[in-house]
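The structure displayed is predicted, hence computed values, not measured ones. These numbers come from the heavy atoms of this one structure, side chains and all, not from hydrogens, waters or symmetry mates.
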Amino acid sequence: MTCTAAYVLIDSMETHTTTLLPPRTVLHVGCGIKKDDKLPQAYMVSPWQEVRLDIDPEVTPDIVGDIRDMHMIEDCSFDAVFSSHNLEHLYFHEVETALREFHRVLKIGGEVLIACPDLQQVAKLILEDKLMKPVATPSSGPIAPIDMLYGYRSSLANGNHFMAHKTGFTTTSLTQMLAAAGFEDVRSTNQPPPLMDILALAFKRA
């Protein structure tokens with residue numbers, strides 16, 4: 001997904017930066033192929049530095065790892081975690097495990113920013129009998145509600161089974177799971193079509 005006005009939520013983050021501040025690191029989990037538009041603009045300026053983590057070595061991440069077990073990363077070592085369209089690829093019972101791993105690797109005062117499909121918006125389109133109707137047409141091919149529910153068909157057809165969706169969220173359920181994992185001050189917003197995302201920002205307090 002592109003990081004344009006969709007990430008206006010993070011304008012309220014407690015991380016406004018200048019070049020006078022010491023370096024800060026954002027752990028970009030499930031990073032996929034490296035592209036300049038994958039990070040929110042707030043993380044693309046000094047003093048932020050990106051560290052990329054992915055389960056797929058083919059995308060050449062800095063760290064090959066699984067968000068359910070990031071044992072290779074020390075406690076309290078990152079200022080932020082950015083997770084875009086990862087959690088829906090886990091089984092429901094694994095989501096809190098991953099969120100607790102995000103919490104563990106964050107420094108006190110650090111933040112997590114999560115994007116995932118908004119199932120309430122997807123369900124509305126399904127009720128309108130638009131399961132297969134594209135809501136966006138990127139260069140990789142059309143995206144319809146069925147892709148938001150079960151995973152991107154094109155990637156799955158090409159054998160990338162990491163892209164299958166095994167669970168999903170509403171704003172309320174994601175907020176509750178972040179709180180259960182130890183996060184505080186959860187802030188969320190919903191992005192309209194074609195994005196149809198939930199964006200949630202939460203903090204690790206002392």
Side-chain angles (χ1 to χ4, degrees), residues 1-12 28-44 52 54-56 58-59 67-68 81-96 98-99 102 112-178 186-202:
M1 65 179 295
T2 57
C3 300
T4 55
Y7 292 101
V8 68
L9 175 71
I10 62 175
D11 286 344
S12 62
H28 185 179
V29 299
C31 57
I33 298 171
K34 188 173 179 61
K35 292 182 180 178
D36 291 339
D37 65 351
K38 283 199 168 185
L39 277 178
Q41 186 62 37
Y43 295 135
M44 295 178 66
R52 299 168 60 248
D54 203 285
I55 196 172
D56 184 1
E58 294 296 319
V59 301
I67 60 175
R68 295 165 295 186
V81 172
F82 176 55
S83 170
S84 179
H85 291 254
N86 304 136
L87 295 180
E88 64 268 25
H89 300 294
L90 305 179
Y91 290 109
F92 180 82
H93 67 275
E94 298 173 318
V95 174
E96 186 172 334
L99 293 178
F102 295 171
V112 62
L113 178 62
I114 293 172
C116 59
D118 180 357
L119 288 192
Q120 286 184 298
Q121 293 191 67
V122 174
K124 182 175 183 295
L125 292 180
I126 293 172
L127 287 173
E128 296 171 358
D129 200 18
K130 297 178 180 178
L131 178 68
M132 307 297 293
K133 184 175 181 179
V135 295
T137 309
S139 58
S140 55
I143 298 174
I146 191 171
D147 300 295
M148 298 177 181
L149 272 181
Y150 298 114
Y152 191 36
R153 288 166 291 165
S154 177
S155 294
L156 292 170
N158 289 330
N160 187 354
H161 297 157
F162 294 134
M163 295 300 291
H165 291 188
K166 300 171 183 175
T167 192
F169 308 91
T170 66
T171 302
T172 298
S173 70
L174 182 57
T175 298
Q176 290 172 341
M177 297 195 81
L178 282 163
V186 182
R187 311 169 190 179
S188 61
T189 188
N190 304 86
Q191 298 301 303
L195 293 177
M196 299 176 63
D197 282 343
I198 301 168
L199 294 178
L201 178 70

By side chain to side chain donor-acceptor pair (under 3.5 Å), Glu58 pairs with (sequence neighbours left out) none
By side chain to side chain contact (heavy atoms under 4.5 Å, CB included), Pro138 pairs with (sequence neighbours left out) Ala136, Ser140, Ile143
Thr171 meets the side chain to side chain contact (heavy atoms under 4.5 Å, CB included) criterion, sequence neighbours left out, with Thr175, Ser188, Asn190, Ile198
On a heavy-atom basis, the closest approach of Glu94 and Arg68 is OE2-NH1, 2.8 Å
I'd like to know whether CD1 of Ile33 has more than 12 heavy-atom contacts from other residues, nucleotides or ligands below 6.0 angstrom.
no
Interatomic distance, OG@Ser173 vs CG@Leu178, rounded to 0.5 Å, equals 9.5 Å
Q.
With a 4.5 Å cut-off on side-chain heavy atoms, are Gln121 and Pro193 touching?
A. yes
Is Asn158 atom CG crowded by more than 12 heavy atoms from other residues, nucleotides or ligands, each under 6.0 Å away?
yes
Under 4.5 Å between any side-chain heavy atoms of Leu87 and Leu99, yes or no?
yes
### Task
May I ask you to test the Leu156-Tyr150 pair for a side-chain heavy-atom distance under 4.5 Å?
no
Side chain to side chain contact (heavy atoms under 4.5 Å, CB included) filter on Asn160, not counting sequence neighbours, yields Ser155, Phe162, Met163
Residues passing the salt bridge (Lys or Arg N to Asp or Glu O under 4.0 Å) test with Lys166, sequence neighbours excluded, are none
The side chain to side chain donor-acceptor pair (under 3.5 Å) partners of Gln176 (sequence neighbours excluded) come to none
To the nearest 0.5 Å, atom OG1 of Thr189 lies from atom CG of Asp197 at 10.5 Å
When every non-hydrogen atom of Asn86 is compared with those of Ile67, the smallest separation belongs to CB-CD1, 4.1 Å
The reported gap from CE in Met132 to CD1 in Ile146 (rounded to nearest 0.5 angstrom) is 4.5 Å
When every non-hydrogen atom of Cys116 is compared with those of Glu88, the smallest separation belongs to CB-OE1, 3.5 Å
Tell me whether His89 contacts the main-chain N or O of Ala164 through its side chain, where contact means a donor paired with an acceptor under 3.5 Å.
yes
In this structure, CG of Asp54 is separated from NE2 of His28 (nearest 0.5 Å) by 8.5 Å
Sequence neighbours excluded, the answer for salt bridge (Lys or Arg N to Asp or Glu O under 4.0 Å) partners of Arg153 is Asp147
Heavy-atom closest pair (Pro142 atom, Tyr152 atom, distance to 0.1 Å) is O-CE1, 3.4 Å
Show me, pair by pair, the donor-acceptor contacts under 3.5 angstrom made by side chains of residues 122-129, not counting sequence neighbours?
residue: Lys124; atom: NZ; partner: Glu128; partner atom: OE2; Å: 2.7
residue: Glu128; atom: OE1; partner: Lys130; partner atom: NZ; Å: 3.2

Residue set satisfying side chain to side chain donor-acceptor pair (under 3.5 Å) with Lys133, at least two apart, ordered chain then number -> none
Review point. Do Pro117 and Met196 come close enough that some side-chain heavy atom pair is under 4.5 Å?
Key: no
Between Val135 and Pro194, the two heavy atoms sitting closest are O-CB, 3.1 Å
Sequence neighbours excluded, the answer for side chain to side chain donor-acceptor pair (under 3.5 Å) partners of Gln120 is none
- Message: Quick one: does any side-chain atom of Arg52 pair with a main-chain N or O of Gly32 as donor and acceptor, under 3.5 Å?
- Response: yes
For Leu39 and Met44 the tightest heavy-atom approach is O-SD, 3.3 Å
Across all chains, not counting sequence neighbours, the side chain to side chain contact (heavy atoms under 4.5 Å, CB included) partners of Phe92 are Thr167, Met177
